[in-house]
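Protein chains get the first letters and strands the later ones, always in sequence-line order, with residue 1 at the start of each.
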Protein chains: 2
Amino acid sequence: MSDRIANPALRAKVMSPDEAAALIQPGDNVGMSGFTGAGYPKAVPLALADRIHAFRTHGHDFRIGVWTGASTAPELDGALAEADGIELRLPYQSDPVSRSKINSGLMEYIDVHLSHVAQMAWEGFLGKLDVALVEVAGITAEGHLIPSSSIGNNKTWIDLADKVILEVNSWQPEQLQGMHDVYYGTALPPNRKPVMILEAGDRIGVPHFICPPEKIVGIVETHAPDRNTAFKAIDEDSRAIAEHFIDFLDHEVRAGRMPAGLLPLQSGVGNIANAVLAGLGESGRTGLTAYTEVLQDGMLDLLESGTIRLASATAFSLSPAGVERFLAGIEFFRERIILRPQEISNHPEVIRRLGVVASNGMIEADIYGNVNSTHIMGSRIQNGIGGSGDFARNAFISTFVTPSTAKDGALSCIVPMVSHVDHTEHDVDVIITEQGLADLRGLAPRRRAERVIANCAHPDYRPMLEDYTERAGKGAWGLQTPHLLGEALSWHRRFMDTGSMRAH
Amino acid sequence: MSDRIANPALRAKVMSPDEAAALIQPGDNVGMSGFTGAGYPKAVPLALADRIHAFRTHGHDFRIGVWTGASTAPELDGALAEADGIELRLPYQSDPVSRSKINSGLMEYIDVHLSHVAQMAWEGFLGKLDVALVEVAGITAEGHLIPSSSIGNNKTWIDLADKVILEVNSWQPEQLQGMHDVYYGTALPPNRKPVMILEAGDRIGVPHFICPPEKIVGIVETHAPDRNTAFKAIDEDSRAIAEHFIDFLDHEVRAGRMPAGLLPLQSGVGNIANAVLAGLGESGRTGLTAYTEVLQDGMLDLLESGTIRLASATAFSLSPAGVERFLAGIEFFRERIILRPQEISNHPEVIRRLGVVASNGMIEADIYGNVNSTHIMGSRIQNGIGGSGDFARNAFISTFVTPSTAKDGALSCIVPMVSHVDHTEHDVDVIITEQGLADLRGLAPRRRAERVIANCAHPDYRPMLEDYTERAGKGAWGLQTPHLLGEALSWHRRFMDTGSMRAH
Ligand SMILES: CC(C)(COP(=O)(O)OP(=O)(O)OC[C@H]1O[C@@H](n2cnc3c(N)ncnc32)[C@H](O)[C@@H]1OP(=O)(O)O)[C@@H](O)C(=O)NCCC(=O)NCCS
Ligand SMILES: CC(C)(COP(=O)(O)OP(=O)(O)OC[C@H]1O[C@@H](n2cnc3c(N)ncnc32)[C@H](O)[C@@H]1OP(=O)(O)O)[C@@H](O)C(=O)NCCC(=O)NCCS
């Protein structure tokens, strides 16, 4: 037994993954830890998948509701989806097997603003939370739970569930202890209080989860790495996008619209976000802060170089190489990183107060600046809205980034009308592609269209967009936001029919 | 001269509307008071329209930017739009002349979340605010400005403008003094502080606007009524919608998801909202609160009956009869009503903290629960998003209401895909029509569709929606949110082609 379980009474609850999985019953709702491949339970979900297979073999169905922080990893989402063990999944996923089950209609998926999840669970309409299955880095002598590499909704799951199963993962560094700030002041209305974070680095909670020991029904010991993937080498498009973004920040500072120390930065998930961070490191700025959701490799560089002095998030999202670097410098990083529950990292109140500058990826934007973050061809879910809505709506400046085309140019990421809307024109200030940046603030819709087409669209698609806009400006039912409804989604239809949005 | 101007130095600045209008130059941005026909300047805009006409006659163009709180009245929006004097209008309007100019492409219109307007103006990208033109109820001996029947963005306009023109309207009751709570604690990031409203009735400001006297370049005296229209008698549809809404609240209380004293209510503009208020009065509840944008006649009933003990808003929106009643009972009402700047009445931080139950009108919803509040046939603006996004996103429960059909049944207000999205499925918890109520919380998109169609669609359109859903469930590119993109907007096209959405 590892020495990570310092509380004697709880040591007595250690069991095997199979024994723990046996505590989960068909129809249960299970609140699991995990946020972008960090801090998810690594042993019990696999054992549960086996249990589900065994049930099936005996002719019994076995499905559960899986609630998490955000996406997890193959050992959780992949294994349970493969076993057809998930009845309903929320609030975010990015697993290929889950995605395919969802898009085949075999799995229900509720895509939720990440800041809303805890409130929804407390409100009660999602049903009872039967079990919390949470990875921790250790248990103190007093029985406090030391959070792992992500916090997500763990505080809420532990509070709400009837039964708590813990995985104590000794692979997680012991020095995580003290980096977390778990706020115990949330409540349902009418009992809500202000969330008193006035700077990205403010601490308002305690560094651990509190759980009555009698709720803990099983503890499983693991020694298993988080499962985040490596980032791609920064390509030319990402570099161009990063440069446009940084030029824009410089421009805002020169115009007196942002302090020289900028405002707290939020940066989305993925390779482009990572490239933007890399670009910031070359900008020569120092002493910035980040108030964001996940910490990717690029953030470690920025902390090391002093570009960023403090980063607040709810989870790490490091590549294997990033993990090595984090471990090597952990004494340095633990002074500069705070992990919080996602209801706080994504809280509208705090994002708005701090005046976050947000940068998120997208699937497509339309000429008026509506953004689709989730649904390919309006129907097929990619991942989910995640925290992008929390940040886009409340940010001081909300930017969205994408290459101007996808699938080797067969898809234009700037279209006449998006096939699904996650962020309306009201919440999209700036659009950036490798072609350029469109600052849409203070522009009426037709002016937005001119700028998006001129600055962001790929030259191959620009004439088609101009042609649409010109004809819509004559034939639309009204000229505030001119559309030709018979044609607005025709680019998507052409792609589905011919494999390309190009007109031949 | 009326005795409403108690400050001698300011009395010296009284002038005629024409003299005041002459202080406004072509190309100026003018921040005007006014919110739903309450508290807008009544004399200078008309004089300005004359001035614009005169300029035109002499071959000179004269256009200004008009920034307000929200919609105003014919003497402001109507007159200036008629004169083609508005280059750019923001953030909300509902004037028929303006609407027609905008939809003809003759006037630029930026449709903004009402909580964002002040921040946008301060941020600076809208350009300089040259003049503030604000109606007040009086000026104190110290030179403080007593707000009128709406606050809107007046505090911001007065702070930001180079020059301030006041209209002192002696028609406004003197007893308005003391009802307002003007918060002077807002700032741009990184200097923002928590907005310390913990209950709908909390006061955090002062009862007046503060303006350096040297900025006041002119004062015009008026005695002119606000120009709100009468409400329609409550029809059967509105009554049915109100009943569904109130049943739902009762149900939530019984389910333990809401306290018996409910949560602060927000209620949108218009006849249906007024009917919902009337319905509440018959529910027997007492001691409720409202944290809302406008106070319509129905709210006076609720205050008088004790159903509501306190209402916070940014503006009155009373019918002429409602004004009479308000004046008759003003000593009673002034203890129970607080008017605030719209950046506070609509502040996401406060709405979220209080856990507001929101109810807003809409143009159409789609089967998945996306809502169009603004654009008819996806192109033609009706009014604007107003505060609906501030409330829908941050409410504890967000409801949207509409009759199931419009234009004598030629339009279904439940469609396969909305032609414009203002509120995504993430922000729409409950849809209510006279047919029934669809509680969409905790449902994945295909389940949402079943419920919206079964509970809310008009029977004439239900089979068409079921048919679409069934075929989309087979032919869509993915089954998370199944759509047939060639057909999704065909109902709107049919209406534009044939005058009806019905398939013949
Ligand atoms: C939108 C999002 C999927 C983009 O992420 P990304 O890593 O840059 O995406 P990729 O370029 O790899 O594209 C993902 C897929 O969408 C496809 N795609 C990209 N643009 C497309 C478009 N315009 N039309 C159709 N498909 C498109 C890609 O081809 C790829 O498909 P594949 O998996 O078959 O190769 C991602 O940012 C996301 O999930 N966002 C929502 C959540 C969020 O913003 N969280 C931020 C934290 S607050
Ligand atoms: C959406 C909104 C326009 C509905 O208001 P309302 O008074 O109930 O609207 P009406 O029923 O009078 O409809 C307005 C027009 O839209 C038309 N309309 C209604 N439903 C329609 C539909 N589904 N498709 C097309 N047109 C429709 C009506 O026929 C009417 O047209 P007309 O002026 O030619 O007669 C109004 O609530 C609004 O502006 N909302 C946005 C702002 C907001 O929510 N503010 C709330 C305060 S926070």
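A donor-acceptor pair under 3.5 Å links the side-chain atoms of B/Arg393 to the main chain of A/Gly389, judged by distance alone. Judged by distance alone, with hydrogens and angles left aside, the side-chain atoms of A/Ser379 form a donor-acceptor pair with the main-chain N or O of B/His483 at under 3.5 Å. Side-chain N or O atoms of B/His426 include one that pairs as donor or acceptor with a backbone N or O of A/Asp111 at under 3.5 Å.
Contact annotation for B/Leu484: neither backbone nor side-chain heavy atoms come within less than 4.5 Å of a heavy atom of chain A. At a 4.5 Å heavy-atom cutoff, the contact between A/Leu263 and chain B is made by side-chain atoms alone. Interface residue B/Pro482: only backbone heavy atoms are found under 4.5 Å from chain A. For B/Leu198, the part lying near chain A is the side chain, with the backbone staying farther off; criterion is any non-hydrogen pair under 4.5 Å. Neither the backbone nor the side chain of A/Met258 comes within less than 4.5 Å of any heavy atom of chain B. With a 4.5 angstrom heavy-atom cutoff, B/Leu126 touches chain A only via side-chain atoms. Looking at B/His347, only its side chain comes within 4.5 Å of chain A, counting heavy atoms on both sides. Proximity to chain A involves both the backbone and the side chain of B/Val421, based on heavy atoms less than 4.5 angstrom apart. Of the atoms belonging to B/Met196, it is side-chain heavy atoms, and not backbone ones, that fall under 4.5 Å from chain A. Only the side chain of A/Ile385 has a heavy atom closer than 4.5 Å to any heavy atom of chain B. With a threshold of 4.5 angstrom between heavy atoms, B/Arg446 approaches chain A through side-chain atoms but not through N, CA, C or O. No part of A/Leu90 comes within reach of chain B, as not one of its non-hydrogen atoms sits under 4.5 angstrom from that chain. Only the side chain of A/Arg447 comes within less than 4.5 Å of a heavy atom in chain B; its backbone stays farther off.
Taking chain A as the reference chain and counting heavy-atom pairs below 4.5 Å, the highest number among B/Gln119, B/Glu252, B/Arg441 is found for B/Arg441. Contacts with chain B were tallied for A/Ala476, A/Gly378, A/Pro194; A/Pro194 has the most, counting heavy-atom pairs under 4.5 Å. For the options B/His116, B/Arg89, B/His420, B/Met120, heavy-atom pairs under 4.5 Å to chain A are most numerous at B/His116. Considering only heavy-atom pairs separated by less than 4.5 Å from chain B, the leading option among A/Met417, A/Met496, A/Met107, A/His423 is A/Met496. For chain A, the option among B/Arg448, B/Lys193, B/Arg493 with the highest count of heavy-atom pairs below 4.5 Å is B/Arg493. For the options A/Trp122, A/Tyr368, A/Phe396, A/Tyr109, heavy-atom pairs under 4.5 Å to chain B are most numerous at A/Phe396.
The distance from atom CG of B/Leu443 to atom CG of A/Leu88, rounded to the nearest 0.5 Å, is 9.5 Å. Taken to the nearest 0.5 Å, the CG atom of A/Leu440 stands 11.0 Å off from the CD1 atom of B/Ile110. Interatomic distance, A/Ile102 CD1 to B/Leu479 CG, rounded to the nearest 0.5 Å: 11.5 Å. Atom CD in B/Gln480 sits 7.0 Å away from atom CG in A/Asn103 (nearest 0.5 Å).
In this structure, B/Ser419 and A/Leu485 approach most closely via the heavy-atom pair CB-CD1, 4.3 Å. Between B/Pro259 and A/Pro190, the shortest heavy-atom distance links the atoms CG-CD, 3.9 Å.
Side chains of A/Leu489 and B/Leu489 form a contact here, defined as non-hydrogen atoms less than 4.5 Å apart. Side chains of B/Ile397 and A/Glu123 form a contact here, defined as non-hydrogen atoms less than 4.5 Å apart. Between A/Pro348 and B/Asn394 the shortest side-chain heavy-atom distance falls below 4.5 Å.
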> Run the side-chain hydrogen bond (donor to acceptor under 3.5 Å, both in side chains) check on B/Ser115 and A/Arg352 step by step: do they pass?
Replying inline: CA-CA 11 Å; B/Ser115 77; A/Arg352 183 95 156 209; 2.9 Å; yes

> How far apart are the C-alpha atoms of B/His113 and A/Asp427, what are their side-chain angles, what is the distance that settles it, and do they pass the side-chain hydrogen bond (donor to acceptor under 3.5 Å, both in side chains) test?
Replying inline: CA-CA 9 Å; B/His113 293 304; A/Asp427 300 324; 3.0 Å; yes

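Comment: B/Glu349 engages A/Arg353 in a salt bridge, judged by a side-chain N to carboxylate O separation of less than 4.0 angstrom.
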